[in-house]
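Quick notes on the structure that follows.
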Amino acid sequence: MSAGAKRADQLRAELREHNERYYVQDDPSIGDDQYDALLDELRELERDHPELVTPDSPTQRVGAEPVSALEKVTHPQAMFSLANARSPEEFDGWVLRMRNHLAREGIEDAAFQYVCEPKVDGLAISIVYRDGVLERGATRGNGEVGEDVTHNLRTIPSVPLSIEDAPPMIEVRGEVYMSLDGFQQLNERRASDGKPTFMNPRNAAAGTLRQLDPRLAAERPLSLWAYGVGACEGVSFSSQWQTLEWLRERGFPVNSEIERLDSEQAAIERCLAWQQRRGSLSFEIDGVVIKVDDAEQQRRLGVVGRDPRWAVAWKFPPTTKLTELKEIQWSVGKFGDLHPFAVLEPVEVGGVVVQHATLHNEEDLIRKDVRPGDEVIILRAGDVIPQVVSPSPHAAERGGRSAAVSAPKKCPVCGTPTVKPGNSVFTKCPNRDCEGRREALLTHFVSRGAMDVDGLGEKLAVMLLEKGLVENAADLYSLSVAQLAELDGMGELSAQGIIDSLEASKARPFASVLFALGIEGVGEVTGRSLAQRLRTIDALLAADAEEIAQTPGVGPIVGELIATQLADEQMRSLIAALRVAGLQFEQEGPPPGEGHLANKTFVLTGTLPTLTREQASEKILAAGGRVTTSVSKKTDYLVAGESAGSKLEKAERLEVAVLDELALLSLLSAE
Ligand code: IVH
């Protein structure tokens with residue numbers, strides 16, 4: 001083997017490892033810069049020696065040529081669907097049918113163990129690996145024949161391009177999905193580009209996977225959860241649990257909260273627990289899949305029609321409802337952009353009463369053609385803002401509908417004549433002092449991803465502006481308990497609580513402050529990259545458009561946009577005032593890879609005696625360590641407090657060092 005070939009092999013192995021740590025284990029050990037440097041080196045090697053390119057090279061994830069059509073693929077083994085259970089009674093019915101079936105085979109009173117998996121709402125996929133290399137990926141289609149989407153699957157970072165210690169052939173099954181954050185960002189981006197938005201994460205994932213051009217898929221945030229194996233040669237599994245472990249060990253993303261349970265009662269409780277948590281997950285689930293664990297029992301139970309007898313889908317109640325659209329109103333965004341939203345006859349959707357729903361932008365409104373008086377379909381997906389999907393079929397056919405609504409000629413808040421800049425899909429209020437705009441900016445400033453001021457939401461922000469108690473975000477920091485306590489519906493105690501949260505917000509990292517400022521083009525991610533790269537506000541204010549454009553994810557147009565806003569007088573004086581108030585304007589902690597706990601990975605679980613988890617995390621970060629959410633072989637320490645649960649068990653199983661608070665503090669101070 002030539003030296004070049006050896007180096008390419010080595011680079012690929014390293015990159016594969018880092019990729020898995022980043023996307024599957026949520027546990028990276030190097031920074032983006034270091035990763036990019038390795039990738040660049042490999043790219044260069046492969047460019048100079050094209051014969052060194054392998055199909056599983058990480059360079060092959062993006063940029064492939066579009067395909068001309070999606071080819072049909074016959075699955076090596078049919079992909080089944082699932083029978084449903086919607087209540088404990090239906091679940092019991094399923095168990096009874098299994099027992100009866102086995103009894104007919106002479107096995108009386110069979111006992112089962114169950115594996116409970118989230119039923120992620122994406123689309124089912126089959127991926128064939130031959131001799132450890134990804135050969136082909138296909139959608140489920142009708143279960144027998146699907147469509148070849150290999151070109152797009154390859155772009156998904158959590159899909160391994162090759163696996164180690166692999167049998168001659170294995171077909172991995174799983175669900176391709178889009179996280180709620182990814183979905184919301186994608187829709188916001190599309191809305192502001194004037195493109196149609198996706199109805200839900202599932203449609204967005206399906207639409208993306210079926211694109212002919214893989215460059216589109218590469219730009220969109222798709223992920224995979226692996227949940228099973230179809231056809232395989234040279235390996236066999238004795239249980240579902242063992243299958244999942246096998247997949248996890250080979251770098252497939254397997255949800256870490258999947259559990260194996262011993263009784264029907266425990267399985268039902270698990271389903272109800274998932275149902276409870278449904279709205280707080282980072283991805284959409286529409287139920288729980290319960291599978292009989294033992295492979296021999298599965299084999300005996302077999303398949304009825306298209307559904308295996310050994311598995312069932314516990315389905316959650318739907319999250320769409322019909323209601324009347326009373327009115328379309330317009331809100332003013334933080335950059336003066338006008339957003340249409342629907343005022344609804346209040347309706348309960350998935351446990352929450354919904355009165356307003358977003359319509360994104362004017363194009364969205366025109367395309368959906370919903371009008372006042374229509375009966376409309378409302379969708380609420382997880383934590384995402386409810387949206388109007390369309391008129392109900394019945395409304396669209398009905399005569400005598402009211403006229404379609406178009407964007408207002410005057411700002412609904414300040415009355416200034418609106419404008420529609422040629423490069424924008426939004427009609428805008430051009431008045432920089434528009435009250436609506438100021439409210440949106442202040443609400444954004446205190447919101448969760450920004451300064452995260454607990455107890456201070458939109459309602460209070462609006463009240464503070466209306467009463468003239470504040471003019472801008474910096475004024476928040478000179479409010480007194482007495483001033484707040486005088487406001488409607490506010491007592492001494494809640495006023496003190498808000499002052500405390502404002503005080504606490506001064507510890508928010510520089511990246512969050514940058515995001516909170518409300519600079520067009522600076523979202524959470526860009527805020528973080530800017531803080532990482534430039535490190536201080538002085539450096540950022542001194543940087544020109546070109547320099548800002550060097551930041552990952554920025555580019556020349558947005559670079560120019562950011563630089564212009566930072567040069568603005570009003571922005572500069574806001575920054576100066578916030579500095580005086582004591583906010584963080586420097587990137588904390590040592591640069592990546594430095595500090596005495598550099599490259600050490602921690603996971604926190606349970607309740608610590610004195611520190612909150614956030615405080616403990618900050619201390620670890622300040623010493624150069626990293627904090628992740630799930631325990632893996634690569635975790636260095638688990639910090640466990642009271643009522644630590646499955647993470648502690650897992651850490652013990654993997655022989656990860658376990659610390660209590662005291663041990664953590666002494667590790668932190670032992671320099
Ligand atoms: S198992 C037993 N496991 O649900 C074989 N399916 O209605 C059937 N799904 O088409 C699939 N999460 O798209 C299985 N953990 C999970 C799943 C899951 C989501 C979807 C999958 C399938 C549908 C079955």
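In listed order, ligands and their atoms are each counted from 1.
Counting only heavy atoms of the protein, atom 16 (C) of ligand 1 lies nearest to Y227 CD2, 3.3 Å. The nearest heavy-atom contact from the protein to atom 13 (O) of ligand 1 is E175 OE1, 2.6 Å.
Per-residue contacts place P308 under 4.0 angstrom from the following atoms of ligand 1 (heavy atoms of the residue considered): 2 (C). Atoms of ligand 1 lying under 4.0 Å from any heavy atom of F80, numbered from 1 in the order shown and given with element: 8 (C). Proximity to P118 (heavy-atom distance under 4.0 Å) selects the following atoms of ligand 1: 12 (N), 15 (N).
Only the backbone of V120 comes within 4.0 Å of ligand 1, counting heavy atoms alone; no side-chain atom from C-beta on gets that close. Contacts between A124 and ligand 1 below 4.0 angstrom, taking non-hydrogen atoms only, involve backbone and side chain alike. Residue-level proximity to ligand 1 for Y177 is absent, since no heavy atom of it falls below 4.0 angstrom. When heavy-atom distances to ligand 1 are checked against a 4.0 Å cut-off, R173 has no atom that comes that close, whether in backbone or side chain. At a 4.0 Å heavy-atom cut-off, ligand 1 does not touch M79 at all.
Put simply, part of W310 is less than 4.0 Å from ligand 1, judged by heavy atoms.
Of the possible donor and acceptor atoms, one in the side chain of H75 sits under 3.5 Å from a partner among the backbone N and O of T139. Counting only distance, with no hydrogens or angles, the side chain of N200 and the backbone of R202 share a donor-acceptor pair below 3.5 Å. Looking only at distances, a side-chain donor or acceptor of E175 sits under 3.5 Å from a matching main-chain atom of G122. In this structure, S57 contributes its side chain and Q60 its backbone to no donor-acceptor pair below 3.5 Å. With hydrogens and angles ignored, the 3.5 Å screen pairs no side-chain donor or acceptor of K634 with any backbone N or O of R21.
Put simply, CD1 on I156 and CG on L209 are 5.5 Å apart, with the number rounded to the nearest 0.5 Å. Summarising the geometry, atom CD belonging to E14 is positioned 12.0 Å from atom CG belonging to L39; distances are rounded to the nearest 0.5 Å.
Among Q298, K291, K119, R140, the residue whose heavy atom lies closest to atom 3 (N) of ligand 1 is K291. Here atom 7 (O) of ligand 1 lies nearest to L82 when heavy atoms of V289, T139, L82 are compared.
Considering backbone and side-chain atoms together, E117 places an N or O closer than 3.5 Å to an N or O of ligand 1.
Among all heavy-atom pairs drawn from E219 and R189, the shortest one is O-NH2, 3.7 Å.
The aromatic rings of W246 and F237 sit perpendicular, their planes meeting at an angle over 60°, well past the 30° parallel limit.
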